[in-house]
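For ligands, and for the atoms within them, numbers begin at 1 and follow the listed sequence. For this chain, numbers begin at 1 and follow the sequence in order. Keep in mind the model is a prediction, meaning the values are calculated, not measured.
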Amino acid sequence: MSGTTLTVKVDKINQEAEDIRSFELVDPERRLLPMFTAGSHIDVELPNGLMRQYSISNDPRDVDRYVIAVLREIEGRGGSASMHDDVKQGDTLTITAPRNNFPIHENATHHILLAGGIGVTPLLAMARDLSGRGLSYELHYCTRSPEKTAFKEAIASDDLKASVTVHHDGGNPADGLDIAGLLKEVRQGANVYYCGPTGFMHACEQATEHWPTGTVHREFFNVDPDVEFGDDNAFKIIIASTGQELDVPADKSIVDVLRANGIEVETMCEEGICGTCATVLLEGDPDHRDFVLDDEEKARGEFIMVCCSRAKSPTLKLDL
Ligand code: FES
């Protein structure tokens, strides 16, 4: 694990719903934890050695704890199973300081939050934050059934209940929230945020296609398997600080080439989900292949995720 790390104690574990547990993480000496903003995540080193990212669900004003929630994924790669099976109350875990790729956009006059299943975690933090600041929002929380619905107590609380609607679809999305209908009319001043499983992400993406650039924000927690990228071509990178030119062959990533040449860049997921490897791009036309930057950020071309993205131009100049 690279970057700033913290040791935290697992103070409480709650069975929030079928297959979903929340973990309340505190400083072992009960000191305040580093501040975070709604939408932030932490990287957690699991007992089985894997690293996983989890969004913080509690109110950013409560910096005495980070509350994360983990869905046990039956067909996962062992990360969620390790959190469920190996982590006990009183254990210590190593985590990174919070990072935020999914912030609230403060210029919006209304915030439409759309959560699918466990994707509620960052959106719940946003709802709590917006509610605490008296700002206008609505949270639509889509789950299969009451048994699969986490944080029931929180969403029924006096602070949130007036702005939260829970939609159960019984396993058939057609019986759940009409996402296209909800977002059919572009609401002046509103921003949309969504997070959930792949099908839900696709439905939200389609429903917001006509929304103005910069008003729609999303966070993926998995690589979208349906996104297809072009061929992997070879290109060159230029290291701005030294002028060094390095070839990136078609079968290597930028990070591979940097490492092979002794240039360290911090990475985590290495599949374009976490944003850890974001690097300032000084020149060139990037072929963005990440799920972190939104369309507007991709169009601006100020950053590139060097673990997965490539080049459309013959060279890219990186601020390294
Ligand atoms: S390391 Fe996660 S996006 Fe590059």
Side-chain angles (χ1 to χ4, degrees), residues 1-6 36-37 39-46 49-56 68 70 73 76-80 94-103 118-119 121-122 194-195 198 201 205 217-230 232 235 237 239-240 246 248-282 284-312 316-320:
M1 186 182 279
S2 50
T4 308
T5 60
L6 310 165
F36 67 98
T37 49
S40 295
H41 67 268
I42 52 174
D43 303 335
V44 180
E45 188 175 335
L46 307 179
L50 292 174
M51 297 286 302
R52 286 291 180 269
Q53 293 198 325
Y54 298 109
S55 295
I56 303 175
I68 59 173
V70 181
E73 292 183 75
R77 288 176 288 167
S80 62
T94 302
I95 65 170
T96 58
R99 272 195 290 255
N100 199 344
N101 299 327
F102 192 39
I118 194 65
T121 46
Y194 59 89
C195 181
T198 304
M201 298 298 276
E205 189 176 3
H217 320 283
R218 61 195 180 178
E219 180 156 84
F220 286 87
F221 44 67
N222 289 313
V223 169
D224 183 345
D226 296 333
V227 175
E228 288 179 11
F229 299 110
D232 292 348
F235 58 98
I237 51 172
I239 309 301
L246 302 172
V248 182
D251 62 344
K252 294 269 187 283
S253 69
I254 298 176
V255 156
D256 291 336
V257 171
L258 292 172
R259 284 198 184 125
N261 286 275
I263 301 167
E264 265 313 308
V265 175
E266 192 183 335
T267 64
M268 229 297 284
C269 69
E270 301 208 358
E271 52 183 15
I273 294 291
C274 71
T276 307
C277 67
T279 300
V280 173
L281 177 66
L282 298 174
D285 188 8
D287 177 7
H288 292 291
R289 297 185 177 194
D290 66 89
F291 299 90
V292 179
L293 300 173
D294 62 29
D295 291 345
E296 195 184 5
E297 291 166 328
K298 286 179 179 170
R300 280 206 303 271
E302 293 169 354
F303 292 95
I304 181 168
M305 301 302 151
V306 291
C307 67
C308 58
S309 294
R310 305 189 66 81
K312 291 180 188 158
L316 296 177
K317 188 171 186 180
L318 304 177
D319 190 13
L320 291 171

Is there a donor-acceptor pair under 3.5 Å between the side chain of [X] and the backbone N or O of [Y]?
X	Y	answer
Lys298	Asp290	yes
Thr96	Asp43	yes
Asp294	Glu296	yes

Pair Ile304, Ile254 - check side-chain contact (heavy atoms from CB on, under 4.5 Å), show working.
CA-CA 10 Å; Ile304 181 168; Ile254 298 176; 4.2 Å; yes

With atom 4 (Fe) of ligand 1 at the center, what angle do SG from Cys307 and SG from Cys277 span, rounded to 10 degrees?
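Output for this angle: 100°, rounded to tens.
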
Under 4.0 Å from a heavy atom of [X]: which atoms of ligand 1 are those, numbered in the order shown and with their elements?
X	answer
Glu270	1 (S), 2 (Fe)
Gly272	3 (S)
Met268	1 (S)
Cys274	1 (S), 2 (Fe), 3 (S)

Under-4.0 Å salt bridge between Glu73 and Arg52
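No, this pair does not count.
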
Give the residue, atom name and distance (to 0.1 Å) of the protein heavy atom nearest atom 3 (S) of ligand 1.
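Nearest neighbour among protein heavy atoms for atom 3 (S) of ligand 1, to 0.1 Å: Gly275 N, 3.3 Å.
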
Could you tell me whether the side chains of Ser253 and Arg289 share a donor-acceptor contact shorter than 3.5 Å?
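Judged by distance alone, the side chains do not pair up.
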
Measure the distances from the heavy atoms of Ile273 to every atom of ligand 1 and state whether one is below 4.0 angstrom.
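Yes; Ile273 lies near enough to ligand 1 that a heavy-atom distance drops under 4.0 Å.
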
Quick check on atom 2 (Fe) of ligand 1: does Cys269 put an N/O/S atom closer than 2.8 Å to it?
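An N, O or S atom of Cys269 is closer than 2.8 Å to atom 2 (Fe) of ligand 1, so yes.
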
